[in-house]
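Please read all numbers here as calculations on a predicted model, not as lab measurements. Position 1 is the first residue of the sequence; numbering continues from there.
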Amino acid sequence: MPERESIVARALPALTWGLTFHILAIALLFGYFRMSENTVRAIAAWKETFAALVLLATIVRMLRGTGTRTAVVATDLLAAGWIGLAVVFVLTENILWRNNISTVGAFLGLRDAAFFVLFYFVGRGTPEIGEDDRMLKRAFIVLAVVSAVAVLEQIFVTPRMLVAMGVASYVNTFLGTPLSTSGNSFGLPDNYWSLMGGHLVRRSGSVFLSSQGFATPFLVLLPAATMWLWGRAKSPTFWQRAWYCVIWAGLLASFTRAVILICALQLLLALIYLKRPTGAALIAAIILTALVGVMAVSPGIANFVFETITWQSGSSTSHLKDWTNGITAFFEQPWGYGLGTTDQTAQRVGLSPITADNMYLKYAVEMGVLGLLAIVGTLAAFTVSSVRLIQRGTTTAQRALGVTVALATVGIALDGMTAVVFNNPIVAYLFFWFAGSCVTLAQRASPQFVTVPIRSLVSHA
C-alpha cells in the first residue's frame with residue numbers, strides 16, 4: 001500500500017519550478033533591476049538553503065520513526081563517500097598540496113562537485129514520489145513551457161533584447177565567466193551561436209539563458225515526460241501529442257547536437273521498453289528522412305553534420321584540447337589537484353581551468369582516482385537499481401520511475417563525455433532525488449527486503 005506523501009515529497013514541485021526559472025530570475029534581478037550583487041547572491045542561495053532544509057526534514061522524519069526504514073546499501077556508501085571525499089579535499093588540499101586555492105574557490109568547488117549528492121539521501125527518504133505519475137506529468141509540463149519559450153525566442157527575441165534583459169551583465173559580472181562570452185560583441189554566452197556551413201546560426205536558450213543550459217535538463221526530464229505520455233494505459237490526446245512535438249521543436253532549436261542525439265536514443269529505448277516497435281521504427285525513419293532531406297536542401301547543414309561526425313568542428317577541436325590537458329594532468333598527479341581547479345568553477349575564481357568539457361576528467365583531475373571511482377561507481381549503482389525496479393516494481397508508476405532513472409543515467413553518462421552535466425542544478429538536484437527514490441523502491445521490491453527500525457536503533461545507541 002503506498003505510504004502517505006510526506007512534506008518533503010510535497011516540496012519537490014516547488015524545487016522543480018524554482019530551478020526552472022532560477023537563472024532567468026537572477027539575471028533579471030542583477031542585470032535588469034540592478035540589485036546589488038550581495039543581495040542577489042543571497043537570493044540565489046535559496047536552492048542550497050532548500051537542500052539543507054529538506055535533508056534535515058528527511059533525517060528528522062526518519063529518526064521519529066515516521067519515514068522510510070531500509071537497510072544501508074552499497075549505493076549509500078558510494079554517495080556518502082563522494083561527499084566525504086570532497087569535504088576532505090576542501091579541508092586539506094591547500095595544506096597537503098599547497099595549491100593556494102582561495103577559500104571561496106574551494107567552497108565553490110565543493111558545491112559544484114558534491115553538494116547536489118545530498119538530494120540522493122532526500123530521495124532515499126521519499127520513495128512516495130514514485131508511487132504515482134504526478135512527477136512524470138510535471139516533467140512534461142515543464143518541458144512544454146520552456147520549449148514553447150524557446151520556439152517563440154527564435155521568432156521574436158533578438159540578441160539586443162537579451163542584453164537589455166541583463167543576460168550579458170549576469171554572465172560576465174555575476175557569474176564571472178567572461179571567457180565564455182569572448183567570441184561575440186554582445187557579451188552573451190558564445191553557445192548562443194553555432195557555425196553551420198560557414199554561417200552563424202542563433203540557438204535558443206529559453207529561460208535558462210544558454211543553449212547548453214536549456215538542452216541539458218532534457219536528459220532527465222524528457223524520459224519522464226515520455227513515460228508519462230506513452231507509458232499510461234490511456235491513449236494520449238491530440239493536444240498532448242502536439243505539445244510533445246513542441247517539446248522536441250524546442251530541443252531542436254537549441255542545436256545542441258550531443259543532447260539531441262542522446263534524447264533520440266532515450267526515446268527509442270523508451271518505446272522499445274513500452275513494446276512499441278512500430279513507433280520506434282517510425283521515429284527512427286522520420287529522424288533519418290528529415291536529416292537527409294535537410295542536408296539535401298542545405299549544403300551548409302550537410303557540411304555541419306560531416307564536420308560533427310569527423311570531429312572537425314570548432315567545438316570538437318576545443319574538446320580534444322581540454323581532454324588532452326585533463327588526461328595529462330591526471331597521470332601527472334593521480335591523487336588530484338583539488339576542488340575548484342577545473343571547468344567553470346576555476347573561471348569564476350580567476351584561475352585557468354586545468355581541464356573542461358568532460359565530467360569524468362573533472363573528477364579525475366580535482367579528486368584523483370578516488371573521485372573518478374566515486375562518480376563512475378555511483379552511476380553504475382543507479383543503473384543496477386533502476387533495472388531492478390523496472391523488473392520488480394509492483395506498479396506502473398514505479399516501473400516508469402525505474403525507466404526514467406535508467407534512461408537519465410545513460411544520458412548523463414554519455415553527455416558527460418563532452419560536458420560537465422552536473423554544473424546544471426536542475427539536472428543534478430532532480431536526478432539525484434529521483435535516483436534516491438528509485439534505490440529505495442528497488443530495495444523494497446527485492447525478495448530479501450528487510451526494514452530496519454530506525455527508532456529502536458537510535459534508542460539502543
Problem - CA sep, side-chain torsions, deciding dist, call: W335, L370, side-chain contact (heavy atoms from CB on, under 4.5 Å) - result: CA-CA 8 Å; W335 55 87; L370 293 179; over 6 Å; no
Exercise for the section: For side-chain contact (heavy atoms from CB on, under 4.5 Å), just list the numbers for R160 and V163, CA-CA rounded to whole Å, side-chain angles, deciding distance to a tenth of an Å, and then say yes or no. Expected result: CA-CA 5 Å; R160 294 187 184 279; V163 174; 5.5 Å; no
Exercise for the section: For the pair L379 and M359, evaluate side-chain contact (heavy atoms from CB on, under 4.5 Å) and give the outcome as yes or no after the intermediate values. Expected result: CA-CA 12 Å; L379 292 178; M359 179 175 68; 4.2 Å; yes
Practice task
Applying side chain to side chain donor-acceptor pair (under 3.5 Å), run through D190 and N184 and close with a yes or a no.
Solution key: CA-CA 6 Å; D190 291 335; N184 67 92; 2.7 Å; yes
Problem - Chi angles and distances behind the side-chain contact (heavy atoms from CB on, under 4.5 Å) call for V87, L91 - result: CA-CA 6 Å; V87 172; L91 297 177; 4.1 Å; yes
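G105 and V349 make their closest contact through CA-CG1, 3.4 Å (heavy atoms, listed as atom of the first residue, atom of the second, distance). Shortest non-hydrogen contact noted between V146 and S206 is O-OG, 2.7 Å. Contact between G231 and L274 at its shortest, heavy atoms only, is CA-CD2, 3.7 Å. In terms of heavy atoms, V54 sits closest to A11 at CG1-CB, 4.3 Å. For T328 against T324, the heavy-atom pair with the smallest separation is OG1-O, 2.8 Å. Among all heavy-atom pairs drawn from C263 and W248, the shortest one is C-CH2, 3.7 Å.
For R41 and F174, the positive end sits near the middle of the six-membered ring, less than 6.0 Å away and at most 45° from its axis.
C438 contributes atom SG, which lies 5.0 Å from atom CG of L401 (distance to the nearest 0.5 angstrom). Atom CE of M135 sits about 7.5 Å away from atom OG of S437, to the nearest 0.5 Å. Taking CD from E48 and CG from L53, the interatomic distance works out to 11.5 Å, rounded to the nearest 0.5 Å. Note that CG of L55 and CZ of F50 are 11.5 Å apart. Values are rounded to the nearest 0.5 Å. I426 CD1 to I23 CD1: the interatomic distance, rounded to the nearest 0.5 Å, is 9.0 Å. The distance from the OG1 atom of T378 to the CG atom of L78 is 4.5 Å, given to the nearest 0.5 Å.
Distance alone, capped at 3.5 Å, places no donor-acceptor pair between the D132 side chain and the A397 backbone. Using modelled atom types, one side-chain atom of R203 and one backbone atom of N191 make a donor-acceptor pair closer than 3.5 Å. Remark: the backbone N or O of N325 is not paired with any side-chain donor or acceptor of T355 at under 3.5 angstrom. Distance alone, capped at 3.5 Å, places no donor-acceptor pair between the T256 side chain and the V259 backbone. Formation of a donor-acceptor pair under 3.5 Å by the D357 side chain with backbone atoms of A419 is not found in this model. A donor-acceptor pair is defined here as one N or O able to donate and one able to accept, closer than 3.5 Å; no such pair exists between the side chain of W82 and the backbone of L373. Between the side chain of S254 and the backbone N or O of L251 there is at least one donor-acceptor pair closer than 3.5 Å. Side chain of S204 to main chain of A150: a donor-acceptor pair is present (N/O by atom type, distance under 3.5 Å, no hydrogens or angles). In this structure, the side chain of Q344 does not engage the main chain of T177 through any donor-acceptor pair within 3.5 Å. With hydrogens and angles ignored, the 3.5 Å screen pairs a side-chain donor or acceptor of E93 with a backbone N or O of L339.
Residues R232 and M227 form no side-chain contact, since every pair of their non-hydrogen atoms from C-beta on lies 4.5 Å or further apart. Looking at heavy atoms from C-beta onward, W230 lies in side-chain contact with P236 at the 4.5 angstrom threshold. Proximity of S386 to V403: side-chain heavy atoms (C-beta onward) are nowhere separated by under 4.5 Å. With a 4.5 Å cut-off on side-chain heavy atoms, T216 and V421 count as touching. By the 4.5 Å heavy-atom criterion applied to side chains, W46 and L15 are counted as neighbours. T173 is listed as a side-chain neighbour of F30, based on a closest heavy-atom distance under 4.5 Å. Using a 4.5 Å heavy-atom cutoff, the side chains of V420 and N358 are not in contact. Contact check for R138 versus L12: side-chain heavy atoms found under the 4.5 Å cut-off.
Side chain to side chain, W243 and S147 fail the donor-acceptor criterion of an N or O pair below 3.5 Å. Side-chain polar atoms of N423 and D343 form a donor-acceptor pair below 3.5 angstrom.
The pair R124-D76 meets the salt-bridge criterion, with a side-chain N (NZ, NE, NH1 or NH2) lying under 4.0 Å from an Asp/Glu carboxylate O.
Using cut-offs of 30° and 60° for the angle between ring planes, the W193 and F186 rings count as parallel. The aromatic rings of F115 and Y429 lie tilted to each other, with the angle between the two planes from 30° to 60°. Relative orientation of the W17 and F21 rings is parallel, given thresholds of 30° and 60° on the angle between their planes. Relative orientation of the W228 and F140 rings is tilted, given thresholds of 30° and 60° on the angle between their planes.
For an aromatic pair to be called close, the ring centres must be under 6.0 Å apart, and F422 with F432 satisfies this. Between F218 and F214, the ring center distance clears the sub-6.0 Å criterion. The ring of F431 has its center no closer than 6.0 angstrom to the ring center of F116.
Within a 6.0 Å sphere centred on CD1 of I7, other residues, nucleotides and ligands contribute 12 heavy atoms or fewer. Around atom NZ of K47, more than 12 heavy atoms belonging to other residues, nucleotides or ligands sit under 6.0 Å away.
For E332, there are no side chain to side chain donor-acceptor pair (under 3.5 Å) partners, not counting sequence neighbours.
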